[in-house]
Amino acid sequence: MIDLRSDTVTRPTPSMRRAMMDAEVGDDVYGEDPSINLLERRAAEITGKEAALFVPTGTMGNTIAVKLHTNHGEEVICDSRSHVLNYELAMMAWFSGCVARPIATPKGILSWEQIRREIRPLGPHWAPTGLITLENTHNMAGGTVYPTANIREICEGAHERGLRVHMDGARVFNAAVALGIPVREIVDPADTVMFCVSKALGAPVGSLLAGSAESIARARLYRKRLGGGMRQAGVLAAAALIALEETPGRLFEDHANARFLAQGLARIPGIAVDPVAIETNIVIFDVSATGIASAEISTRLKERGVLLNGINEHQMRAVTHYDVDRAGCTTALETLADAVEAGPLSKPASVRSAS
Ligand code: TLP
């Protein structure tokens with residue numbers, strides 16, 4: 001199977017598996033797991049923050065961040081296609097008692113000007129703004145990267161008004177590679193950042209939430225409340241440490257493969273995508289003009305050995321990662337061309353095979 005559904009599907013490399021086997025472990029709820037402690041120190045160093053916390057998932061990292069920075073009954077400003085709003089089972093409402101104040105953007109990248117207009121004070125009809133979240137890279141906008149100047153301007157504006165900024169940096173290492181700068185420089189102005197080791201970096205499990213020592217100490221308690229105290233999780237941290245060391249240096253290959261996929265997709269009749277807009281490892285393309293629903297395309301691809309999902313009826317998402325190489329991308333393109341050429345479902349099978 002060529003699996004382009006997500007970069008979450010990567011399996012641990014041989015060096016990660018060896019490190020997991022040899023990992024020194026202890027009870028992390030007591031703060032006694034040496035591998036977790038090392039990973040958290042490393043994450044703090046990479047992000048330039050005082051402290052970091054290992055959490056099982058990106059969703060938990062974002063959930064804790066929203067809780068850290070808000071009070072019940074506040075609003076969280078985010079982009080309208082953001083993960084915190086659309087793919088985390090309304091955790092900002094469920095756990096933090098907040099509602100989202102979504103802003104529609106063409107590329108998932110918010111500007112200070114847009115945010116400024118949406119900030120609300122407490123008033124007779126209004127819930128006050130509690131937090132601003134930025135998603136970098138932006139998943140559903142197609143792996144788009146925040147210009148660092150935007151981040152700085154947003155954080156400065158927010159801080160002047162006493163507001164905090166959290167970055168959902170699930171794929172911030174991809175952003176760093178695309179910009180050619182260290183992660184630290186990207187996340188510096190944000191109050192907290194969550195990044196995932198389980199996505200493009202290829203570790204089997206886990207994310208890190210980084211911020212001030214005070215906020216991470218509180219985050220540790222929220223992690224326990226959410227059931228995220230994982231005991232001898234050093235086996236996971238060991239793989240994460242390898243991921244941090246070995247994977248960032250090869251992410252450019254995933255980005256080149258994503259661009260290659262987009263170029264090939266643009267040549268398939270009925271598929272619309274702009275290859276020049278591909279900045280990292282995510283390609284979102286439109287299949288409306290094929291006349292075939294994305295779910296049907298997924299089914300046809302699966303029968304032919306390629307996994308690739310729709311994000312709605314007309315758009316599909318391909319995510320490149322180290323388990324799919326250039327040859328895999330070429331095969332995926334050929335398979336997709338074949339699946340689309342078969343035509344819409346409504347055509348009788350005889351017509352389909354004849355066309
Ligand atoms: N994204 C997953 C799905 O949930 C859509 C994927 O396949 O891309 N922030 C961002 C920007 C994400 O893309 C994701 C996962 C998360 C947070 C949540 O991470 P997990 O899955 O570890 O809870």
Side-chain angles (χ1 to χ4, degrees), residues 3-12 43 53-67 76 78-92 94-95 100 102 105 107-110 131 133-146 151 166-176 178 183 186-187 190 192-210 222-223 226-228 230 233 236 239-240 243 251 254 258 279-284 294 298 307-312 315-324:
D3 195 343
L4 291 163
R5 286 172 301 173
S6 182
D7 47 12
T8 58
V9 302
T10 47
R11 276 172 271 246
L53 180 71
F54 185 58
V55 287
T57 62
T59 300
M60 191 185 287
N62 284 337
T63 298
I64 294 173
V66 172
K67 184 71 187 160
V76 175
C78 56
D79 165 76
S80 61
R81 285 178 288 174
S82 61
H83 200 277
V84 280
L85 171 59
N86 298 303
Y87 299 96
E88 299 186 5
L89 293 103
M91 276 305 269
M92 70 168 73
W94 196 83
F95 191 59
T105 60
K107 286 179 63 188
I109 308 297
L110 293 164
L131 175 68
T133 65
L134 312 176
E135 187 172 313
N136 193 19
T137 65
H138 196 295
N139 187 348
M140 291 299 158
T144 48
V145 178
Y146 262 91
I151 301 171
H166 169 65
M167 185 179 290
D168 174 351
R171 297 185 178 82
V172 74
F173 283 83
N174 295 87
V183 165
I186 297 175
V187 307
T192 47
V193 57
M194 182 282 291
F195 71 82
C196 298
V197 287
S198 61
K199 301 206 163 54
L201 296 183
V205 178
S207 297
L208 277 301
L209 177 66
Y222 288 128
R223 180 183 71 174
L226 286 165
M230 291 186 290
L236 302 176
L251 290 179
D254 298 343
E279 297 178 63
T280 56
N281 68 330
I282 301 179
V283 183
I284 303 223
S294 59
S298 286
L307 297 175
L308 203 158
N309 283 341
I311 57 169
N312 55 43
Q315 286 183 303
M316 304 190 76
R317 181 183 76 146
V319 186
T320 54
H321 51 79
Y322 70 63
D323 279 347
V324 177

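We count residues from 1, following the sequence as given. Counting starts at 1 for both ligands and their atoms, in listed order.
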Just wondering, more than 12 heavy atoms not from L89 lying within 6.0 Å of its CG? no

So which atom in P102 and which in S80 form the shortest heavy-atom distance, rounded to 0.1 Å? CB-CA, 3.7 Å

When you compare ligand 1 with Y87, is there at least one nitrogen or oxygen pair between them that comes in under 3.5 angstrom? no

Kindly confirm or rule out an N or O of G58 lying under 3.5 angstrom from an N or O of ligand 1. yes

R317-N139 side chain donor-acceptor pair, cut-off 3.5 Å: yes

Looking at E88, which atoms of ligand 1 are within less than 4.0 Å of one of its heavy atoms? 17 (C)

With distance as the sole criterion, is a donor-acceptor pair present between the side chains of T105 and D79 under 3.5 Å? yes

Using heavy-atom distances only, which candidate in R171, K199, M194 approaches atom 8 (O) of ligand 1 most closely? R171

Residue A170 vicinity, atoms of ligand 1 by number, heavy atom under 4.0 Å: 9 (N), 10 (C), 11 (C), 12 (C)

Does H138 come within less than 4.0 angstrom of ligand 1, counting non-hydrogen atoms of the residue? no

Report, in ascending order of atom number, the atoms of ligand 1 lying under 4.0 Å from any heavy atom of S6. 6 (C), 7 (O), 8 (O)

For atom 9 (N) of ligand 1, closest protein heavy-atom neighbour: D168 OD2, 2.7 Å

Pick one of side chain, backbone, both or neither for how V319 approaches ligand 1, counting any non-hydrogen atom pair under 4.0 Å. neither

Do any nitrogen or oxygen atoms of S207 lie less than 3.5 angstrom from nitrogen or oxygen atoms of ligand 1? no

Per-atom contacts, ligand 1 versus T57 - under 4.0 Å to a heavy atom: 22 (O), 23 (O)

Let me know which of T192, N62, V172, T133 forms a side-chain contact (heavy atoms from CB on, under 4.5 Å) with M167. V172

Does an N or O from R5, backbone or side chain, lie closer than 3.5 Å to an N or O of ligand 1? no

Quick note on ligand 1: atoms under 4.0 Å from a heavy atom of E135 include exactly 11 (C)

For the residue pair E135 and Y146, what are the closest heavy atoms and their distance? O-CE1, 3.4 Å

Taking the side chain as everything from C-beta on, heavy atoms only, tell me whether V66 gets closer than 4.5 Å to V76. yes

Ligand 1 to T59, heavy atom cutoff 4.0 Å, flagged ligand atoms 18 (C), 19 (O), 20 (P), 23 (O)

Under 3.5 Å side-chain donor-acceptor pair for D7 and N281: yes

Closest to atom 2 (C) of ligand 1 (heavy atoms only, candidates M140, H83, M91) is H83

Is there a side-chain contact between T137 and T280 in this structure, where contact means two heavy atoms from C-beta onward sitting under 4.5 Å apart? yes

Do E88 and H83 have side-chain N/O donor and acceptor atoms under 3.5 Å apart? yes

Just distances here: any N/O of T8 and N/O of ligand 1 closer than 3.5 Å? no

